Amino acid sequence: MPIALIDANNFYVSCERVFRPDLEGKPVVVLSNNDGCVVARSAEVKALGVAMGVPWFQIKKLAQKEGIIALSSNYTLYADMSQRMMTILSDFSPIQEVYSIDECFLDLHGVAPEQCRQIGQTARQRIRQWLGLPVGVGIAPTKTLAKLANHLAKKQPEYAGVCVWEEIPEQKQAEILQQLPVTEVWGIGRQWGKRLQEIGILTVWDLQNADPRPMRQRFSILMERMIRELRGESCIAMEEVALPKQEIQSSRSFGRPVKTMEELGEAISIYIARATSKLRRQNSVAAALRVYIRTNPFQTSLPQYQAARTVVLSQPSQDTRIFLHAGKLALTQMYREGFAYAKAGVHLLEISSAQSVQADLFGDAEAESRANHLMATLDQINARFGKSIVQPGIAGWQEPRGWAMKRGNKSPAYTTRWAELARVTLK
DNA sequence: TCTGGGGTCCTAGGACCC
DNA sequence: TCTGGGGTCCTAGGACCC
């Protein structure tokens, strides 16, 4: 039962290029928040040997020499492009799993290999034509193999962007696997790669031919599953509906070091507002809040401090104000003076459906209903007029927030704000 | 000077109980 | 002074992904 994996090439860079055709063919990177790290690279930049995730300041010199163009990330634009891409692809199968912002699986069971190729090619052309994004397509009997096929589709010109694993003769398949390093397998990262190397497993072929049982003992059940998937036995099911998040985080590094509890509190309040809004959007409640603060671990010459506190609520809630209160408590407990804090964040934990909440025996049903109404109104206003226009009262909302992140070179919201719509000149 | 953010799953080990 | 064995539950931390 074939599964297709479609994903965009250098997604963030490609999105930027759709609205800036002049960037085509040029070395382009997109940077993370605070313009900190490289999170997307065009093919030209990859060819220069720039690794994923490197700090921008480390390659600034090279960038200058090679004329690399750096853009701040524009997540609103990428999210919107992603949605359009997923909608187009949903036409090709009734069963679609959106796996990340730039990739999805399509279930093609019952479709013959030749037909799979046809579907892959059409999908690829359509995304290119309708959206302007380049995508690669891998089709194989399991998700893990589809990932590998997708890798081949992008790397080997002979496949022209669409690789159907089952069309490849067995002998050729073996040759391919013998040449692919084991770290190309979906689920094998740096650490496991190293450990596999120690026991003589270097290529995907080696892993495919390892005995799953002892490998499970040595690593974990995930390893066994991976080996079976490589052998064509489907172990990772399609997940069509997006399950509600079991954990919701919000965190940011600061644009400059932060020292006072007031400023930390201000940041944490905003993260809580953001996280609880996500929580309500998926119609959930959370029973615990974890807050953490830390100095910059890379500044080894400075005194380091990091701390985290979990506050368990007496009852699961989705009320921003309750979490704000808990957050303040956590911060007061762990804050230490005399450190330059670089980052703070919050996690909402023990999330469950809002429907299943037991009424608190000691609670006030009417007050709770009023609170829910208040939060719903707040979400509506913010949805209508832009994020974070209205926030529950917290100390210290003066603008500008000195610690807010740096984004030096962000592109306009081409697709989501009238004022910034792309202007097209017809010739 | 400048090093992202948001997730999931699994395991080891401690606490606790009988 | 001597100091078992087995189970469950929870949490922290590690590994992975994009």
Side-chain angles (χ1 to χ4, degrees), chain A residues 5 7-12 29-41 50-61 63 70 72-75 78-79 82 97-105 143-144 147 150-151 182-196 216-226 235-236 239 242-257 271 274-275 278-279 282 287-288 290 292 294-302 306-310 312 340 342-351 405-408:
Chain A
L5 174 71
D7 77 344
N9 307 350
N10 329 320
F11 184 60
Y12 296 170
V29 295
V30 172
L31 303 177
S32 65
N33 284 333
N34 278 318
D35 295 344
C37 299
V38 171
V39 291
R41 306 156 294 157
V50 174
M52 182 69 167
V54 292
W56 170 234
F57 75 89
Q58 279 177 11
I59 60 157
K60 249 183 183 163
K61 265 200 176 146
S72 306
S73 38
N74 182 349
Y75 290 109
Y78 312 148
S82 169
E97 175 185 340
V98 176
Y99 179 68
S100 76
I101 191 159
D102 76 326
E103 62 190 306
C104 73
F105 291 102
K143 281 182 165 179
T144 305
K147 275 269 191 185
N150 179 279
H151 174 81
V182 72
T183 43
E184 289 298 338
V185 176
W186 183 41
I188 305 286
R190 285 253 287 279
Q191 296 305 313
W192 279 17
K194 214 188 293 171
R195 282 177 63 194
L196 285 169
R216 174 182 178 158
Q217 295 304 315
R218 203 184 262 264
F219 292 85
S220 87
I221 188 170
L222 298 172
M223 184 63 84
E224 178 179 4
R225 213 178 286 165
M226 257 178 263
C235 304
I236 308 173
E239 280 168 22
L243 299 168
K245 303 269 180 262
Q246 300 170 36
E247 201 183 311
I248 292 173
Q249 313 178 15
S250 178
S251 66
R252 290 285 181 283
S253 301
F254 304 133
R256 60 157 173 82
Y271 305 155
R274 205 177 277 151
K278 282 191 205 167
L279 183 71
Q282 68 165 30
R290 189 166 178 82
Y292 69 88
R294 69 161 169 78
T295 52
N296 185 345
F298 298 102
Q299 295 275 304
T300 44
S301 56
L302 291 180
Q306 57 170 319
R309 287 285 183 286
T310 306
V312 178
K343 184 176 182 178
V346 304
H347 287 177
L348 301 181
L349 306 164
E350 292 173 44
I351 290 176
M405 50 177 189
K406 290 182 288 194
R407 288 203 288 183

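Predicted model only: the values in this text are computed from it and were never measured. Each chain gets a letter, A, B and so on, in the order its sequence line appears, and its residues count up from 1.
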Any side-chain N or O of [X] under 4.0 Å from OP1/OP2 of [N]?
X: A/Lys278; N: B/dG5; value: no
X: A/Asn296; N: B/dT3; value: yes
X: A/Lys60; N: B/dT1; value: no
X: A/Gln299; N: B/dT3; value: no
X: A/Ser251; N: B/dG4; value: no
X: A/Arg256; N: B/dT1; value: no

Just to be sure I understand the rule, does [X] reach a base, reach only the sugar-phosphate, or reach nothing, if contact means heavy atoms closer than 4.0 Å?
X: A/Ile248; answer: sugar-phosphate
X: A/Thr310; answer: nothing
X: A/Gln191; answer: sugar-phosphate
X: A/Asn33; answer: sugar-phosphate
X: A/Phe11; answer: nothing
X: A/Lys147; answer: sugar-phosphate
X: A/Arg195; answer: nothing
X: A/Asp35; answer: nothing
X: A/Ile188; answer: sugar-phosphate
X: A/Trp56; answer: nothing

Inset, instruction - Kindly point out which of B/dG5, C/dC17, B/dT3 is positioned nearest to the side chain of A/Cys37? - result: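 So the nucleotide nearest the side chain must be B/dT3.
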
Inset, instruction - Identify which nucleotide among B/dT3, C/dC18, B/dG5 has an atom closest to any side-chain atom of A/Phe57, counting heavy atoms from C-beta outward. - result: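 Between B/dT3, C/dC18, B/dG5, the one nearest the side chain of A/Phe57 would be B/dT3.
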
Inset, instruction - Identify all stems in which DNA chain C takes part, counting only runs of at least 3 consecutive pairs (Watson-Crick or G-U wobble, each distance under 3.5 Å), and give each as one range with another, ordered by first number. - result: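 Counting only runs of 3 or more consecutive pairs, the stems involving DNA chain C are B:5-18 with C:5-18.
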
Inset, instruction - Could you tell me the separation between the CG atom of A/Leu348 and the P atom of B/dG6, rounded to a whole number of Å? - result: 11 Å

Legend entry - CZ (A/Arg218) with more than 12 external heavy atoms under 6.0 Å: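 Incorrect, the count does not exceed 12.
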
Legend entry - Smallest separation among heavy atoms of A/Ser82 and A/Ile101, with atom names: OG-O, 2.6 Å

